[in-house]
Amino acid sequence: MAQHYESDITRFINEYKTKHPDTEKRQLEGRALLWDKQQDAELLKQFKVARVPQKPYVYQTN
């Protein structure tokens with residue numbers, strides 16, 4: 001049976017995950033710190049209402 005090509009990076013990642021089985025758990029914890037946050041719908045609505053329209057060319061002084 002022929003073996004499939006496996007890049008050095010793929011081998012490194014697989015080897016790392018074997019040596020560090022808690023990697024995926026730590027990745028999810030890290031993601032939760034910055035990205036997985038509850039959104040406040042009322043606050044987002046206020047941001048949209050308070051938005052100031054931008055001119056087509058922002059660097060023009062007129």
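It should be emphasised that the depicted structure is a prediction, and the values quoted were computed from it without experimental measurement.
The neighbour count for Arg26 CZ, taken as heavy atoms of other residues, nucleotides or ligands under 6.0 Å away, is above 12. Environment of CZ in Arg11: crowded, with over 12 heavy atoms of neighbouring residues, nucleotides or ligands closer than 6.0 Å. More than 12 heavy atoms of other residues, nucleotides or ligands shown are found within 6.0 angstrom of CG on Leu43. With a 6.0 Å radius and a threshold of 12 heavy atoms from other residues, nucleotides or ligands, Glu24 has its CD atom at or below the threshold.
Not counting sequence neighbours, the partners of Lys19 by the salt bridge (charged side-chain N to carboxylate O under 4.0 Å, His left out) test are Glu15. Residues that satisfy the ring pair (Phe, Tyr, Trp, His ring centres under 6.0 Å) test with Tyr16, not counting sequence neighbours, are His20.
Screening Arg31, Gln27, Lys25 for a side chain to side chain contact (heavy atoms under 4.5 Å, CB included) with Glu29, the sole residue that qualifies is Lys25.
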